[in-house]
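Following: one structure in structure tokens, then a few remarks.
In this chain, residues are counted from 1 in sequence order.
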Amino acid sequence: MKSLCIDLFKNCSATSLAGTRSSRVLTYRFQRTNYQTHLPSTKLTFSSYSTKTCFATLSTVTSEVEEKQTFNPDKAGELVKELRNSFNSGRTKSYEWRMSQLENIAKMLEEKEKEITEALYKDLSKPEVEAFISEIVTAKSSCNEALKELRQWMIPQKVNTSITTFPSSAEIVSEPLGVVLVISTWNFPFLLSLDPVIGAISAGNAVVLKPSEIAPATSSILAKLVEEYLDNSAVKVVEGAVPETTALLEQKWDKILYTGSARIGRIVMAAAAKHLTPVILELGGKSPAVVHSDVDLQVAVRRIIAGKWALNNGQACIGVDYIITTKDFAPKLIEALKIELEQFFGKDPMNSKDISRIVSSTQFKRLT
């Protein structure tokens, strides 16, 4: 958490010459100083038909069609403008505001634990214990560390100056960048949404969170809880899919954090480059396990199973994607994996209540 917050800050030196008061600028590191449509429709009415005559009557009727409210670039621009005004007012920069938001997040995690685990089960069939350990506890840990260390993070650090600027003094001051966009992913939809938001708030920024549409229940609970517990003039959630994300990426942000695939990561970086916006990309990869023929087979197999299926059904950055071993040893390893897998999850792992999985065919199609 500390490293996340530090990376979300930018360092700025404030130097003063002897005889003048030391300038102590306290702006903090996610910042850059920038200042019923009524549609006519035609109804074609056919009357009686006989072997002798056939005629049609054309009548025009006016119907009221309510235009669907879409989150387009204009609405995204208004949202960013609102948050930037809130940030420029200075409200997010104070220690008191940051602490109040972090305390509210901690309170939310305590009071809404059951609702959060239920949403994770709806999206990923994630068992309650796994959801608690891998998402809620980890989010609590990040929040508690920020609450404990925030005052220390905000203190300017004195640094030595060069002899060429004698007799001057200098310090490194952490400043918020401004308005931050967080685009989250589906495999840990709660933790990987809330964790960067905690970092952004700790740094004194306004934040927009775009949860993954592939985890709709978790996206919905995040939108509800953020509105209920946090300052909505500075922290917002935008739900949706590609159109909403595209509209958000067209805006000028002061930092973008994205977790997901390398393919989408390139799109995010290209959009950010238009405004020279700094980005943090946490992208997926492939993790092999190299198994030698002289290993303790049972220990190796159990560790592979734990890494591949016991945590989020392998949908994690440390999940084993493939195994490299010798041709002669492979059959023995495969047989051992089958035996241990059955002991872990039973004869039909896909029906086990102890394993996470994608539960919706729509979700699966979006991932393939």
Side-chain angles (χ1 to χ4, degrees), residues 1-14 23-35 76-102 105 142-143 145-146 149-157 171-184 192-210 226 230-238 245 248-259 265 268-282:
M1 183 66 233
K2 182 174 181 180
S3 62
L4 173 61
C5 287
I6 290 174
D7 191 51
L8 293 174
F9 284 71
K10 79 178 173 188
N11 293 326
C12 170
S13 62
S23 170
R24 298 173 68 85
V25 186
L26 277 181
T27 38
Y28 288 88
R29 176 173 154 130
F30 270 96
Q31 170 194 341
R32 225 175 280 97
T33 325
N34 305 331
Y35 274 80
E78 292 172 6
L79 174 64
V80 174
K81 183 179 179 180
E82 178 188 346
L83 293 184
R84 199 169 295 283
N85 288 338
S86 182
F87 173 78
N88 289 337
S89 72
R91 66 181 296 144
T92 67
K93 301 176 185 179
S94 71
Y95 173 79
E96 292 74 20
W97 183 86
R98 303 183 202 195
M99 285 295 291
S100 68
Q101 299 307 296
L102 292 171
I105 290 175
S142 294
C143 189
E145 183 178 4
E149 302 291 344
L150 181 59
R151 188 178 293 278
Q152 186 67 32
W153 292 342
M154 293 177 67
I155 296 175
Q157 301 174 18
E171 58 189 11
I172 297 173
V173 181
S174 298
E175 300 184 340
L177 288 175
V179 183
V180 177
L181 173 63
V182 176
I183 305 175
S184 186
L192 295 182
S193 295
L194 196 59
D195 200 46
V197 169
I198 291 171
I201 289 173
S202 300
N205 298 275
V207 194
V208 172
L209 168 63
K210 165 58 183 69
V226 166
L230 300 182
D231 180 357
N232 296 145
S233 68
V235 185
K236 299 275 191 181
V237 174
V238 174
T245 305
L248 289 170
L249 286 174
E250 289 184 17
Q251 311 309 310
K252 183 186 184 325
W253 303 91
D254 298 302
K255 190 114 183 180
I256 298 176
L257 298 95
Y258 168 75
T259 304
V268 172
M269 181 166 277
K274 295 178 182 178
H275 304 288
L276 297 180
T277 300
V279 298
I280 294 179
L281 303 178
E282 184 183 352

* Measure the CD1-CD distance between I155 and Q157 for me, rounded to the nearest 0.5 Å. => 9.5 Å
* Asked: Could you give the distance from CD (E96) to CZ (R98), rounded to the nearest 0.5 Å?
  -> 10.0 Å
* Kindly indicate whether the side chain of T92, heavy atoms from C-beta on, has any atom under 4.5 Å from the side chain of V235. => no
* **Main-chain N/O of E282 paired with T259 side-chain donor or acceptor, under 3.5 Å** => no
* Are any side-chain N or O atoms of W253 and backbone N or O atoms of L248, one a donor and one an acceptor, separated by less than 3.5 Å? -> yes
* To do: Would you indicate whether the side-chain heavy atoms of S202 and I198 approach each other to under 4.5 Å?
  => yes
* Which pair of heavy atoms, one from W97 and one from A234, lies closest together, and at what distance? -> CZ2-CB, 3.6 Å
* **Gap between atom NZ of K81 and atom NZ of K252 - 0.5 Å precision** => 16.0 Å
* Asked: How far does CD1 of I201 sit from CG of L150, to the nearest 0.5 angstrom?
  -> 11.0 Å
* To do: Mind checking the CD1-NZ spacing from I256 to K210? Nearest 0.5 Å is all I need.
  => 13.5 Å
* When rounded to the nearest 0.5 angstrom, what distance separates CZ in R84 from CG in L79? -> 11.0 Å
* Okay, side chain of S86, backbone of S233: is any donor-acceptor separation there less than 3.5 Å? -> yes
* To do: Would you name the heavy atoms of R151 and Y95 that are closest together and state the gap between them?
  => NH2-CE2, 2.9 Å
* Structure fact -> Tested for side-chain contact (heavy atoms from CB on, under 4.5 Å) against V197, the lone hit among V226, N205, L209 is L209
* Asked: Is a donor on one side and an acceptor on the other found under 3.5 Å between the side chain of D254 and the backbone of V180?
  -> no
* Structure fact -> All heavy atoms of Q101 vs all of D231, minimum pair found to be OE1-N, 2.9 Å
* **Chi angles and distances behind the side chain to side chain contact (heavy atoms under 4.5 Å, CB included) call for L181, T277** => CA-CA 11 Å; L181 173 63; T277 300; over 6 Å; no
* Asked: Taking the side chain as C-beta and beyond, is there a heavy-atom pair between T245 and V268 under 4.5 Å?
  -> no
* Asked: A206 and L83: which non-hydrogen atoms are nearest, and at how many Å?
  -> CB-O, 3.9 Å
* Structure fact -> Of all heavy-atom pairs linking V182 and P196, the shortest is CG1-CG, 3.5 Å
